[in-house]
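To start, the structure itself, in structure tokens.
This structure is a prediction, so every number in the text was calculated from the model and none was measured.
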Amino acid sequence: MTETTQQTHKEKLKDLIGNIHIAMLFTHANNEGLSGRPMYTADIDDNGDLWFFTNEYSGKVDDIQENSGVILSYTKPSDNIYVVVKGDGEINNDQCKIEKLWNPSMKAWFPEGLDDPKIALLKVTPKEAEYWNGSSSKLVVAFNVLKAMVTGKGYQDGEHGKISIN
């Protein structure tokens, strides 16, 4: 993949999920299969990496240290946007990066603020993503569903694709 294509794919991912702040993060939980939890996306950087605040002593950190493969699911039903991101997670304790991404609302999870000993960042480096991006107009969606029912042809709306990122 050329560097230009890779950058285009990173920009496509950022366009799709840039306004969706909550993702479901799925990790491999030892022999229990997948384990999921909602996470607030603190940043999508220029490299396409996704950043989240996390408790360094949480189960998800243990999962990621055992198996770095993660899945993120972003959805915005009101705009018919659905994105699944597969990538690798790693824990980051860079205090400068933590300060840069800090938001006062994080005090709900880290009461001691930036001095909280549990605070860390989860960096997810995406490898690939699959997306469904339909019309955001409910009227257009309803019309296309009705059209598919009347014509007997499959429902067609928006775009679906896969992108490789790293």
Side-chain angles (χ1 to χ4, degrees), residues 1-29 34-110 113-116 118-137 157-166:
M1 176 180 347
T2 68
E3 190 173 319
T4 303
T5 302
Q6 190 176 29
Q7 188 59 35
T8 301
H9 287 186
K10 289 176 184 178
E11 289 169 7
K12 176 72 173 178
L13 181 62
K14 196 169 187 174
D15 286 344
L16 287 165
I17 66 174
N19 291 320
I20 306 172
H21 301 290
I22 305 296
M24 285 297 292
L25 169 71
F26 296 92
T27 58
H28 299 276
L34 292 176
S35 179
R37 76 282 290 154
M39 299 287 289
Y40 179 85
T41 308
D43 188 35
I44 305 170
D45 68 22
D46 292 337
N47 293 325
D49 295 325
L50 302 152
W51 294 86
F52 306 85
F53 280 92
T54 190
N55 179 332
E56 188 168 12
Y57 306 103
S58 67
K60 71 180 145 305
V61 171
D62 295 337
D63 293 348
I64 290 167
Q65 288 173 339
E66 286 287 319
N67 183 336
S68 67
V70 299
I71 299 169
L72 293 163
S73 175
Y74 287 88
T75 64
K76 190 172 185 184
S78 62
D79 289 343
N80 289 319
I81 298 173
Y82 305 90
V83 183
V84 175
V85 178
K86 296 177 185 174
D88 288 317
E90 66 180 87
I91 304 309
N92 183 300
N93 292 302
D94 180 345
Q95 192 62 34
C96 289
K97 185 73 171 179
I98 290 170
E99 289 174 13
K100 179 181 176 190
L101 298 180
W102 180 256
N103 179 321
S105 66
M106 290 294 115
K107 278 193 102 169
W109 290 272
F110 303 101
L114 289 167
D115 296 326
D116 198 307
K118 301 178 305 246
I119 197 169
L121 292 171
L122 166 60
K123 173 185 169 186
V124 174
T125 302
K127 290 183 173 181
E128 62 184 51
E130 186 169 8
Y131 64 92
W132 297 262
N133 186 4
S135 169
S136 61
S137 166
D157 184 41
E159 74 180 299
H160 167 253
K162 292 183 180 183
I163 51 178
S164 294
I165 300 159
N166 288 316

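Side-chain contact check for Asn55 and Trp109: no donor-acceptor pair (N or O, by modelled atom type) lies under 3.5 Å. Checked by atom type, the side-chain pair Tyr74/Thr41 shows a donor-acceptor distance below 3.5 Å.
Taking the side chain as every heavy atom from C-beta outward, Leu114 and Ile98 approach each other to under 4.5 Å. Ile91 is not listed as a side-chain neighbour of Leu121, based on a closest heavy-atom distance of 4.5 Å or more. Side-chain contact check for Asp49 versus Pro126: some heavy-atom pair is nearer than 4.5 Å. Within the 4.5 Å cutoff, the side chain of Lys76 has no heavy atoms near those of the Ile17 side chain.
Legend: residues meeting side-chain contact (heavy atoms from CB on, under 4.5 Å) with Pro104, ordered by chain and number and at least two apart, are absent. A search for ring-ring contact (aromatic ring centres under 6.0 Å, His included) contacts involving Trp102 returns Phe53, not counting sequence neighbours.
To the nearest 0.5 Å, the span separating OH on Tyr82 from CG on Leu16 amounts to 13.0 Å. To the nearest 0.5 angstrom, Arg37 atom CZ is 8.0 Å from Thr54 atom OG1. Note that NE2 of His28 and CD of Glu66 are 12.0 Å apart. Values are rounded to the nearest 0.5 Å. To the nearest 0.5 Å, atom OG1 of residue Thr27 and atom CG of residue Leu34 are 7.5 Å apart. Rounded to the nearest 0.5 Å, atoms OG1 (Thr8) and CD1 (Ile165) are 12.0 Å apart. Taken to the nearest 0.5 Å, the CD atom of Glu128 stands 12.0 Å off from the NE2 atom of His9.
Contact record, Ser73 with Phe26: CB-CE1, 4.2 Å, taken as the closest heavy-atom pair. Here the closest non-hydrogen pair linking Gly89 and Leu122 is CA-CD1, 4.0 Å. The nearest pair of heavy atoms linking Asn93 to Ile119 is OD1-O, 4.1 Å. Pairing each heavy atom of Leu72 with each of Ala23, the nearest pair is CD2-CB, 4.2 Å. Contact detail for Val83 and Ala129: the closest heavy-atom pair is CG1-CB, 4.5 Å. The two atoms that bring Lys60 and Leu25 nearest to each other are CD-CD2, 3.9 Å, heavy atoms only.
Each of Ile163, Val84, Asp15, Leu13 was compared with Tyr131 under the side-chain contact (heavy atoms from CB on, under 4.5 Å) criterion, and only Ile163 meets it.
Here salt bridge (charged side-chain N to carboxylate O under 4.0 Å, His left out) pairs that include residues 87-101, with residues two or more places apart or in two chains, are Asp88-Lys127.
Counted within 6.0 Å of CG on Asp46, heavy atoms from surrounding residues, nucleotides or ligands total 12 or fewer; the atom is thus considered open.
The closest donor-acceptor contact from the side chain of Lys118 to the backbone of Tyr57 lies at 3.5 Å or more, if one exists at all.
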